[in-house]
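Reviewing the structure listed below.
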Protein chains: 2
Amino acid sequence: MRSPLEKARKNPESMKARILTAARHIFGEYGFHGTTTRMIAKEVGIDISTLHYHWGDKNDLYEAVVMDVNNDLGKELLKVEKIVHGSSLEERMNISLDMMTDYLFDHPEISNLVLLRYFSKTRNEVDIDFKVPEFSGDIAYAMGLAKDAKNPSPRAMMEVMSIMNGMHNFISGENYFRLMLKLDRKCYIDLVKETLKFILIPAFVLREGKTKKEVSRPPSKTAKEKKKSQSKQS
Amino acid sequence: MRSPLEKARKNPESMKARILTAARHIFGEYGFHGTTTRMIAKEVGIDISTLHYHWGDKNDLYEAVVMDVNNDLGKELLKVEKIVHGSSLEERMNISLDMMTDYLFDHPEISNLVLLRYFSKTRNEVDIDFKVPEFSGDIAYAMGLAKDAKNPSPRAMMEVMSIMNGMHNFISGENYFRLMLKLDRKCYIDLVKETLKFILIPAFVLREGKTKKEVSRPPSKTAKEKKKSQSKQS
DNA sequence: CTTTGGTTCCATTTTTTGATTGAACTGCTA
DNA sequence: TAGCAGTTCAATCAAAAAATGGAACCAAAG
């Protein structure tokens, strides 16, 4: 509890926290350059100078927003991992995709801001990226794609990013895609979940099955035999 | 050959075309609000007023850029479809992913601009979207996911968008992801292709196999038999 | 009651940005 | 050669946007 960010989040009613929340939404919707400090101040119902008093200049506020959003995302990922830990890969993916999709649809600014950071540049060289923690390594570890969360292979990282981006895309692009498909929100959310599961799960489950099969007979077998062949491989 | 856009593209050396090209790159990198007309003019090496003389105001130029990029994307998709037409689904996906990935890596502004349009709003209500053709329906048809390119099911559309976005993500995010993974460009491109194929192909091929199996024997078969059962389904 | 620190707003400054104007230059044609 | 259409640029304007300074307000401490 030291940074101004944590301080602001401690009391969500505080002016500092209210500004941060409004900034999250507006930066998420319009991006850094598409957002003016006036828009944020107006959303909160305060004067611009109050905003500057609390958060310094626009860059500082943006930086705080990115960190804040990343914190929340990290917390949620940890929560999900606790729940699915121990289940089979297919089960883990099913539950994780459900939970994360629900969470992100409740907080679409998170997806918006994550993607904007990947895909769009800022004119100022605000290189805050090195301060923002990356979770892909941890997810790769949790999925069994990496022996060590700190040293995941590029391939494992890419696979994890495919999953995360798959979610972010449909959540961040809701306005665009949902209008195109003419669906109401609930239908859209369900369809996103189904599509993500349809696309993502087979690849991973199939590969897991293959590495297992390599050292055993093709047909189904007893649990004991499975365990043996599993320990044999790798 | 009537619109100012087509006119400009006819002669790529013309000032109008040079401005359009520069605008593609800069709008793609920084987004609409992150780009200033001065940045574009400077890139071309001309005065701002020359830019306005040729393209009107910033909105008009942006609109032209979006249309231009979309034209190019449509042309390339058509080219790829011509080549892979008739092959098996797995073969089609393999080749299409290879070709489209190569093409987009050569023209990353396309991916940039497509994604920015999905994920980021513009302050002005420049509703150009209704003018911009959507290819997802045609791809769905070409993949056999829809009986009619004009009336694809939402589910088919979502599946196609998963594929397209999967590509766009890694191309548009190259700077970010490649720096993170510390790979040179060639390695990164290869890894993108492998990852996309690994993630995307199994889901579709598996489903196709399932619907096929319903009307034929499970084990592998000769190419002749395969062809027969292929024509039987659908 | 007075002081003090923290907070907010109003008014203003400075910088950036989009857009226009008019002069100058070009090559072509009558 | 004079005239003209098409282009380009320097200079400038007007609006938007970031940021600041100082007055006013308020609640708690002395």
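Side-chain atoms are counted along with the backbone in the values below, which use heavy atoms only and exclude waters and symmetry mates. Note on naming: letters A, B, ... go to the chains in the order of the sequence lines (proteins, then strands), and numbering restarts at 1 for each one. This one's a predicted model, so the numbers in the text were calculated from it and none came from an experiment.
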Rounded to whole Å, how long is the line connecting atom [atom1] of [X] with atom [atom2] of [N]?
X: Lys16(B); N: dG6(D); atom1: NZ; atom2: C1'; value: 13 Å
X: His33(A); N: dG18(C); atom1: NE2; atom2: P; value: 11 Å
X: Ile48(A); N: dT15(C); atom1: CD1; atom2: P; value: 17 Å
X: Ile26(B); N: dT17(C); atom1: CD1; atom2: P; value: 13 Å
X: Arg18(B); N: dT8(D); atom1: CZ; atom2: C1'; value: 12 Å
X: Leu51(B); N: dA10(D); atom1: CG; atom2: P; value: 15 Å
X: His52(B); N: dA10(D); atom1: NE2; atom2: P; value: 16 Å
X: Trp55(B); N: dT20(C); atom1: CH2; atom2: P; value: 17 Å

Checklist entry - Parallel, tilted or perpendicular for Tyr188(A) and Phe105(A), by the 30°/60° rule? => result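 The arrangement is perpendicular - the two ring planes meet at more than 60°.
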
Next on the checklist: Asp47(B): which residues meet the side-chain hydrogen bond (donor to acceptor under 3.5 Å, both in side chains) condition with it, sequence neighbours left out?
Outcome noted: Ser49(B)

Next on the checklist: Distance criterion of 3.5 Å, no angle test: do you see the side chain of Ser49(B) paired donor-to-acceptor with the base of dA10(D)?
Outcome noted: yes

Item to check | Base of dA18(D) paired with side chain of Arg38(A) (donor-acceptor, under 3.5 Å) | outcome: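 It does, because a donor-acceptor pair links the side chain of Arg38(A) to the base of dA18(D) below 3.5 Å.
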
Next on the checklist: Both Met15(B) and Arg123(B) contact DNA chain D. Which one's nearest nucleotide lies toward the 5' end?
Outcome noted: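 Here Met15(B) is the residue nearer the 5' end.
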
Closest to the [X] side chain: [options]?
X: His54(B); options: dA18(D), dT8(D), dT17(C); result: dT8(D)
X: Thr36(B); options: dA17(D), dT17(C), dT8(D); result: dT17(C)
X: Asp47(A); options: dT7(C), dC9(C), dA17(D); result: dC9(C)
X: Tyr53(B); options: dA17(D), dT8(D), dT17(C); result: dT8(D)

Checklist entry - Does the side chain of Thr50(A) get closer than 4.0 angstrom to OP1 or OP2 of dT7(C) through an N or O atom? => result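 Looking at the OP1 and OP2 atoms of dT7(C), neither is under 4.0 Å from any side-chain N or O of Thr50(A).
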
Checklist entry - Base, sugar-phosphate, or nothing for Thr35(B), non-hydrogen atoms under 4.0 angstrom? => result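 Counting heavy atoms under 4.0 Å across all strands, the contact made by Thr35(B) is with sugar-phosphate only.
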
Item to check | 4.5 Å side-chain heavy-atom contact, Phe32(B) and Asn59(B) | outcome: yes

Next on the checklist: Taking Lys79(A) first and then Glu76(A), would you say they form a salt bridge - that is, a charged N and a carboxylate O separated by under 4.0 Å?
Outcome noted: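 Yes, this pair counts.
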
Checklist entry - Between Tyr176(A) and Arg117(B), do the side chains contain an N or O donor and an N or O acceptor separated by less than 3.5 Å? => result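 The answer is yes; a qualifying pair exists.
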
